[in-house]
Amino acid sequence: MDYRRTYIRDILQTTPPAEVSAYGWVKTRRDSKGIHFVQISDGSCFTDLQVVIEDGVMPEETLKKITIGACARFDGTLVESPAAGQSVELKASGVQIYGEADPSEYPMQKKRASFEFLREHAHFRTRGNTFGAVFRMRDKLSWAIHKFFEERNFLYVHTPIITTSDCEGAGEMFGVTTLDMQNLPTQNGGVDYEKDFFGKPAFLTVSGQLGVEAFTLAFTNCYTFGPTFRAENSNTPRHLAEFWMIEPEMAFCDIEGNMNLAEEMLKYLIRFLLDECEDDLRFFNKWIEPAVIETLEHVAASEFARISYGEAIELLKKSGESFEFPVYWGADLQTEHERFLTEKELKKPVIIIDWPKEIKPFYMRVNDDDKTVRGMDVLVPRIGEIIGGSQREERLNVLTQRIKECDLDEKDYRWYLDLRKFGSAPHSGFGLGLERMMMYVTGMKNIRDVIPFYRVPGSAEF
RNA sequence: UGCCGCGUAGCUCAGUGGUAGAGCAGCUGACUGUUAAUCAGCGGGUCGUAGGUUCGAGUCCUACCGCGGCAGCCA
């Protein structure tokens, strides 16, 4: 057996008649007197291959083993289908069953299952229509991201997963240790981290940003694409404890250039998926999110709105809406505010810049008004924040001052400050959440359904 | 983490104080081409867990566990 495989995707494109072997998992089966119809999928495309088995082609006992979930190879002739529903079908002459699936125990059924149920069977949900489409799209999206940056000469850099910097500034972190939790070494009443693997407390990264900034000040345009970990006790359809993030960073680039890249990238990715994932998108459009295709077409073709935080506040104030949270200059935008702006007021993606410095991290570049910083949030309808980024503070004295203002310890940022001390440059970057993007392009409503095996508070099965 | 809702057959759900139900799936059979195939029959339940109220609890009360929605934290 060789890895080279004729996928069902290829078989469906083959001109009949042709002798073929099709490998796959049984999706559904229908019987009539003397004839049996089996639909199989190998995950290579949305459409299943219909295998037709006439009585006498194989023993009764073999036929009985061809049930939903079973894995087999079907040999036979690809012929034009005489019935509606498919243009070609495989007239079977033989079968090799690799793995049976006892129908009285196999949890997946012909019937449509709820997403909640499928989450508990994440190792099988991949065999269905929805998750087949989801993970084919995820593959294409990931690939398109690399293609986008490669075409623009960005250097792909792998920033570390483990960090000893507990000050990456993006939320609670998971600890990483080899110490025996039942028997912790102590010193002066506390844990003696000198005995730990790295000689000090270590964590899983919450962002590759600080590392990629260092690379940018040597390689100019860079990006990371990797997993990120946040130990926040977040229980929403938009949050994961482990998720994937794309973080580009550009030297000699200000907030304008940053916005341009963000908009160009989102449009590029959407265009790519519209071109490459037609069948899967048609499925989402029909069953998951009506008009998702139209929305994507529209977004790919139109300009994003770009407004300042101050303008956003004004729009909200004169909206006439009764918001639960008060709107005033200095307040952070709540979900209800974001939704109003993207879904009602502007009806398209919007980039909001120039935020009050009090509600943004220390590393964002301070504007001349000394009240706002050059942060940018890209909000899209239905999802909310899909990108968060900024022009970075490149001036040593200002950055030092900001670290003080934010009650952080300067010596924790030694190498980060060094980058401003020696050969600093204006630079900008942002983070795009891969799963948020997946939700946007598929229309899936829960982030747990666009990642293979999700990790959230209280749950890391599979 | 807070607020709200839901846990009943393999799945989806009805049952609102008095002998536990339906559809689908499964099994058996029928049907010469099905497309969520159709038709007939059959089996299937400590009603999330632990207490409590009551003559009597799936149903009412309390706690806990699990899931979902909204919100916060953010990508």
Side-chain angles (χ1 to χ4, degrees), chain A residues 27-39 47-48 50-56 64 67-69 79 81-86 89 91 101-121 128-129 169-172 206-209 225-247 262 287 323-325 332-339 359-361 375 377-380 383-389 430-440 445-451 456-459 461:
Chain A
K27 199 101 146 265
T28 184
R29 165 181 170 165
R30 295 173 293 273
D31 298 283
S32 203
K33 180 156 178 84
I35 191 163
H36 313 272
F37 303 92
V38 180
Q39 271 176 237
T47 311
D48 301 325
Q50 174 164 284
V51 179
V52 181
I53 305 167
E54 289 176 351
D55 271 357
K64 273 190 174 167
T67 58
I68 294 174
V79 297
S81 180
Q86 58 284 315
E89 64 189 23
K91 191 169 162 27
D102 183 346
S104 63
E105 287 186 68
Y106 186 58
M108 300 298 113
Q109 299 180 350
K110 200 180 297 198
K111 202 178 120 173
R112 208 171 141 183
S114 70
F115 288 132
E116 290 86 349
F117 174 79
L118 291 171
R119 274 171 220 146
E120 292 170 15
H121 301 275
N129 285 336
E172 295 295 310
V206 293
S207 166
Q209 184 193 319
F225 184 174
T228 298
F229 308 87
R230 305 229 173 134
E232 303 287 350
N233 193 2
S234 298
N235 257 298
T236 83
R238 311 184 293 286
H239 292 264
L240 291 166
E242 176 182 299
F243 63 97
W244 288 66
M245 193 154 63
I246 298 95
E247 294 175 283
W287 295 103
F323 294 114
E324 188 188 338
F325 292 88
D332 206 352
L333 260 43
Q334 305 294 323
T335 298
E336 57 176 347
H337 305 140
E338 294 178 359
R339 293 190 75 118
I359 58 173
K360 288 292 181 188
D377 283 4
V378 181
L379 312 178
V380 296
I383 311 298
E385 186 176 349
I386 198 167
I387 282 177
F430 61 81
L432 167 71
L434 180 70
E435 288 78 15
R436 295 250 173 113
M437 184 65 181
M438 278 296 295
M439 290 173 77
Y440 189 53
K445 306 292 183 293
N446 193 312
I447 201 164
R448 299 171 192 197
D449 297 330
V450 295
I451 190 166
V456 295
S459 175
E461 293 303 309

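In the text below, chain A, chain B and the rest are named by the order of the sequence lines, each starting its count at 1.
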Have a look at [X] and say if it touches a base, only the backbone sugar-phosphate, or nothing, with a 4.0 Å heavy-atom cut-off.
{"X": "A/Pro103", "result": "sugar-phosphate"}
{"X": "A/Ala113", "result": "nothing"}
{"X": "A/Phe243", "result": "base"}
{"X": "A/Gly431", "result": "sugar-phosphate"}
{"X": "A/Glu247", "result": "nothing"}
{"X": "A/Glu336", "result": "nothing"}
{"X": "A/Arg112", "result": "nothing"}
{"X": "A/Lys110", "result": "sugar-phosphate"}
{"X": "A/Ile386", "result": "sugar-phosphate"}
{"X": "A/Thr236", "result": "base"}
{"X": "A/Gln334", "result": "sugar-phosphate"}
{"X": "A/Ile246", "result": "nothing"}

Reported [atom1]-to-[atom2] distance for the pair [X] and [Y], which is rounded to 0.5 angstrom:
{"X": "A/Lys110", "Y": "A/Ile68", "atom1": "NZ", "atom2": "CD1", "answer": "5.0 Å"}
{"X": "A/Trp244", "Y": "A/Ile451", "atom1": "CH2", "atom2": "CD1", "answer": "8.5 Å"}
{"X": "A/Thr228", "Y": "A/Leu240", "atom1": "OG1", "atom2": "CG", "answer": "11.0 Å"}
{"X": "A/Arg119", "Y": "A/Asn446", "atom1": "CZ", "atom2": "CG", "answer": "4.0 Å"}
{"X": "A/Leu432", "Y": "A/Met245", "atom1": "CG", "atom2": "CE", "answer": "9.5 Å"}

Among the nucleotides [options], which one has an atom lying closest to any side-chain atom of [X]?
{"X": "A/Asn233", "options": "B/U1, B/G33, B/A75", "value": "B/U1"}
{"X": "A/Pro237", "options": "B/A71, B/G69, B/U34", "value": "B/G69"}
{"X": "A/Glu89", "options": "B/C73, B/G33, B/A75", "value": "B/G33"}
{"X": "A/Arg30", "options": "B/G33, B/A75, B/U35", "value": "B/U35"}
{"X": "A/Ser32", "options": "B/U1, B/C73, B/G33", "value": "B/G33"}
{"X": "A/Val52", "options": "B/U12, B/A71, B/G33", "value": "B/G33"}
{"X": "A/Gln50", "options": "B/C11, B/U34, B/C73", "value": "B/U34"}
{"X": "A/Asn446", "options": "B/G69, B/C67, B/A75", "value": "B/G69"}

Between [N] and [M], how far is it from one [atom1] atom to the other, in whole Å?
{"N": "B/G10", "M": "B/C27", "atom1": "P", "result": "15 Å"}
{"N": "B/G52", "M": "B/G5", "atom1": "P", "result": "26 Å"}
{"N": "B/C47", "M": "B/A30", "atom1": "C1'", "result": "36 Å"}
{"N": "B/C4", "M": "B/C64", "atom1": "P", "result": "14 Å"}
{"N": "B/U8", "M": "B/U16", "atom1": "C1'", "result": "14 Å"}
{"N": "B/U49", "M": "B/C42", "atom1": "P", "result": "30 Å"}
{"N": "B/U59", "M": "B/U19", "atom1": "P", "result": "14 Å"}
{"N": "B/G48", "M": "B/C55", "atom1": "C1'", "result": "27 Å"}

So which one's nearest nucleotide on RNA chain B is more toward 5', A/Asp377 or A/Ser81? A/Ser81

Let me spell it out: for each of A/Gln39 and A/Lys64, pick the nucleotide of RNA chain B with the closest heavy atom. Which residue's pick is nearer the 5' end?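 Its nucleotide being nearer the 5' end, the pick is A/Lys64.
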
What does [N] pair with, Watson-Crick or G-U, if both distances are under 3.5 Å?
{"N": "B/U38", "result": "B/A30"}
{"N": "B/G43", "result": "none"}
{"N": "B/G5", "result": "B/C67"}
{"N": "B/C73", "result": "none"}
{"N": "B/U62", "result": "B/A50"}

Over how many whole Å does the gap from [X] atom [atom1] to [N] atom [atom2] extend?
{"X": "A/Lys27", "N": "B/U35", "atom1": "NZ", "atom2": "P", "result": "17 Å"}
{"X": "A/Lys33", "N": "B/C31", "atom1": "NZ", "atom2": "C1'", "result": "7 Å"}
{"X": "A/Glu120", "N": "B/G10", "atom1": "CD", "atom2": "C1'", "result": "13 Å"}
{"X": "A/Glu116", "N": "B/C67", "atom1": "CD", "atom2": "P", "result": "11 Å"}
{"X": "A/Arg119", "N": "B/C67", "atom1": "CZ", "atom2": "P", "result": "11 Å"}
{"X": "A/Phe117", "N": "B/C6", "atom1": "CZ", "atom2": "C1'", "result": "18 Å"}
{"X": "A/His239", "N": "B/C70", "atom1": "NE2", "atom2": "P", "result": "11 Å"}
{"X": "A/Arg29", "N": "B/A36", "atom1": "CZ", "atom2": "C1'", "result": "16 Å"}

Would you indicate, yes or no, if B/C24 has its OP1 or OP2 atom less than 4.0 angstrom from a side-chain nitrogen or oxygen of A/Lys111?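 So the side-chain polar atoms of A/Lys111 never come under 4.0 Å of the phosphate oxygens OP1 or OP2 of B/C24.
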
Does A/Thr335 make a side-chain N or O approach to OP1 or OP2 of B/G72 shorter than 4.0 Å?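 Affirmative; the distance criterion is met.
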
With a cut-off of 6.0 Å (strictly less than), are more than 12 heavy atoms of other residues, nucleotides or ligands near NZ of A/Lys91?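 Not buried by this count: 12 neighbours or fewer within 6.0 Å.
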
Polar side-chain contact [X]-[N] base: donor and acceptor under 3.5 Å:
{"X": "A/Ser234", "N": "B/C73", "result": "yes"}
{"X": "A/Arg436", "N": "B/C74", "result": "yes"}
{"X": "A/Gln109", "N": "B/G10", "result": "yes"}
{"X": "A/Gln86", "N": "B/G33", "result": "no"}

Output yes when a side-chain donor or acceptor of A/His337 lies under 3.5 Å from a complementary backbone atom of A/Phe323, and no otherwise. no

Flag, side chain of A/Glu435 to backbone of A/Phe243, donor-acceptor distance under 3.5 Å: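 No.
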
Do you know which two heavy atoms are closest between A/Arg238 and A/Ile447, and how far apart they sit?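 Heavy-atom minimum between the residues: O-CD1, 3.5 Å.
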
For A/Gln39, the option from A/Arg30, A/Glu89, A/Gln86, A/Arg29 that meets side chain to side chain donor-acceptor pair (under 3.5 Å): A/Arg30

Has A/Phe37 got its ring stacked on the base of B/G33, with centres under 5.5 Å and planes less than 30° apart?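 No; by the centre-distance and plane-angle rule, A/Phe37 does not count as stacking on B/G33.
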
